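These notes are about the structure you will find just below.
Computed from a prediction, not measured in an experiment: that's the story for all the values here.
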Amino acid sequence: MLVLLILLAVLALLLLSPVVLTCRLDEDFCLTVSYLFLRFRLYPKKEKEKRPKKKAAKEAAAKQKKPNPFQRMVDEQGFAGAVGQVCQLVKTMMARLGWLLGHAKAKPFHLEIAVGGEDAAAVALAYGGVCAAAYPVLGGLWELMRFGGFRTDIHPDFDGGNSFVKLYTKLRLRPLFAVFFLAGLTLDLVKWKAGQPASQTVKEGAEK
């Protein structure tokens with residue numbers, strides 16, 4: 001009984017300890033993920049040793065032999081039917097992803113965008129385009145996710161400075177919700193492949 005309780009406690013610790021994705025965009029771009037005492041760099045990746053040409057050629061040939069899933073769907077259902085099926089799959093996945101983001105938290109979230117240049121009219125025009133593109137995305141993320149230390153600064157620079165984007169954020173997500181997400185997504189994929197409608201929860205998320 002004691003062993004079972006210890007195993008359950010360890011499992012709870014693993015599922016409830018957040019995975020942290022750190023993103024830093026400045027002059028360089030760096031993406032790392034950490035979990036408990038583990039830390040991995042996703043980008044930039046370390047350079048791998050070059051593989052022998054013969055092995056690389058065999059792998060390339062193997063990849064080319066794999067059938068195209070979309071073309072197979074076109075052959076079976078026609079082009080319109082295949083596109084409709086893919087769109088339905090994307091819609092389902094977006095709804096699930098929205099549910100997952102609702103359980104994630106970005107803390108801190110610091111974004112700075114400067115639109116610079118020597119021509120004031122061109123800067124003003126570019127600034128308007130950046131605002132029109134950025135603010136709807138930020139608003140959508142604000143409704144989906146939880147934030148802490150949220151700070152954004154989008155401004156024009158009429159003094160001839162260079163345009164730049166700076167971003168620093170840490171995205172936290174407990175593995176427990178990722179497990180639920182994968183389980184639900186797998187079920188949706190099975191239903192999609194069988195031609196059945198998605199679950200009511202996903203439908204409501206997609207309608208939103």
Side-chain angles (χ1 to χ4, degrees), residues 10-11 13-72 86 89-116 130 133-134 136-138 140-142 144-154 161-186 188-189 192:
V10 172
L11 180 61
L13 175 65
L14 295 176
L15 291 177
L16 296 178
S17 297
V19 177
V20 181
L21 180 67
T22 303
C23 177
R24 180 178 58 82
L25 174 61
D26 199 337
E27 295 180 357
D28 300 319
F29 176 67
C30 182
L31 195 63
T32 60
V33 61
S34 57
Y35 177 64
L36 294 176
F37 55 87
L38 302 175
R39 182 181 176 87
F40 304 96
R41 186 173 68 181
L42 302 180
Y43 188 90
K45 293 183 178 180
K46 296 181 179 179
E47 294 185 1
K48 296 182 180 180
E49 297 180 359
K50 293 184 178 180
R51 300 179 180 178
K53 293 184 178 180
K54 291 184 179 180
K55 188 175 181 180
K58 289 182 180 179
E59 291 181 356
K63 289 181 180 180
Q64 291 179 356
K65 292 180 180 179
K66 292 182 179 179
N68 185 334
F70 179 73
Q71 185 59 48
R72 186 166 62 247
V86 172
L89 176 61
V90 171
K91 187 177 180 180
T92 300
M93 293 180 67
M94 288 178 63
R96 283 290 178 188
L97 184 59
W99 177 88
L100 182 65
L101 289 177
H103 292 86
K105 184 174 183 178
K107 180 182 180 180
F109 184 88
H110 299 163
L111 174 65
E112 181 182 1
I113 303 177
V115 182
V130 169
V137 174
L138 291 173
L141 288 176
W142 182 266
L144 286 175
M145 297 174 54
R146 295 175 298 149
F147 288 88
F150 184 87
R151 186 174 74 236
T152 60
D153 180 16
I154 304 177
N162 294 326
S163 300
F164 64 82
V165 177
K166 293 182 180 180
L167 173 65
Y168 179 74
T169 185
K170 287 189 175 183
L171 181 65
R172 293 170 170 83
L173 178 68
R174 289 186 172 90
L176 178 64
F177 298 113
V179 172
F180 288 154
F181 167 76
L182 292 175
L185 183 61
T186 301
D188 287 337
L189 288 174
W192 172 77

Should the ring pair F177 and F180 be called parallel, tilted or perpendicular, given that the plane angle runs from 0 to 90° and is split at 30 and 60? perpendicular
So with a 6.0 Å cut-off around CG of N162, is the heavy-atom count from everything else above 12? no
Less than 4.5 Å apart, side chain to side chain, heavy atoms only: is that true for R174 and H103? no
If the plane angle is over 60° it's perpendicular, under 30° parallel, otherwise tilted; pick one for F147 and F109. perpendicular
Might you point out which heavy atoms bring R146 and G102 nearest each other, and give the distance in Å? NE-O, 4.1 Å
So V19 and L171, do their side chains get closer than 4.5 Å, heavy atoms only? no
Contact between L21 and L173 at the side-chain level, heavy atoms closer than 4.5 Å - yes or no? no
Non-hydrogen side-chain atoms of L138 and L111 separated by less than 4.5 Å: yes
Heavy-atom check, side chain of F164 versus side chain of E112, under 4.5 Å: yes
Nearest 0.5 angstrom please: T152 OG1 to I154 CD1, how far? 6.0 Å
First locate atom CZ of R172, then atom NZ of K105, and finally report the distance between them rounded to the nearest 0.5 Å. 8.0 Å
Approximate separation, where rounding is to 0.5 Å, of K45 NZ and L31 CG: 10.5 Å
Which side-chain N or O atoms in residues 33-41 pair as donor and acceptor under 3.5 Å with protein atoms at least two apart or in another chain?
unit_1 : atom_1 : unit_2 : atom_2 : d
Y35    : OH     : L14    : O      : 2.3
R41    : NE     : P44    : O      : 2.8

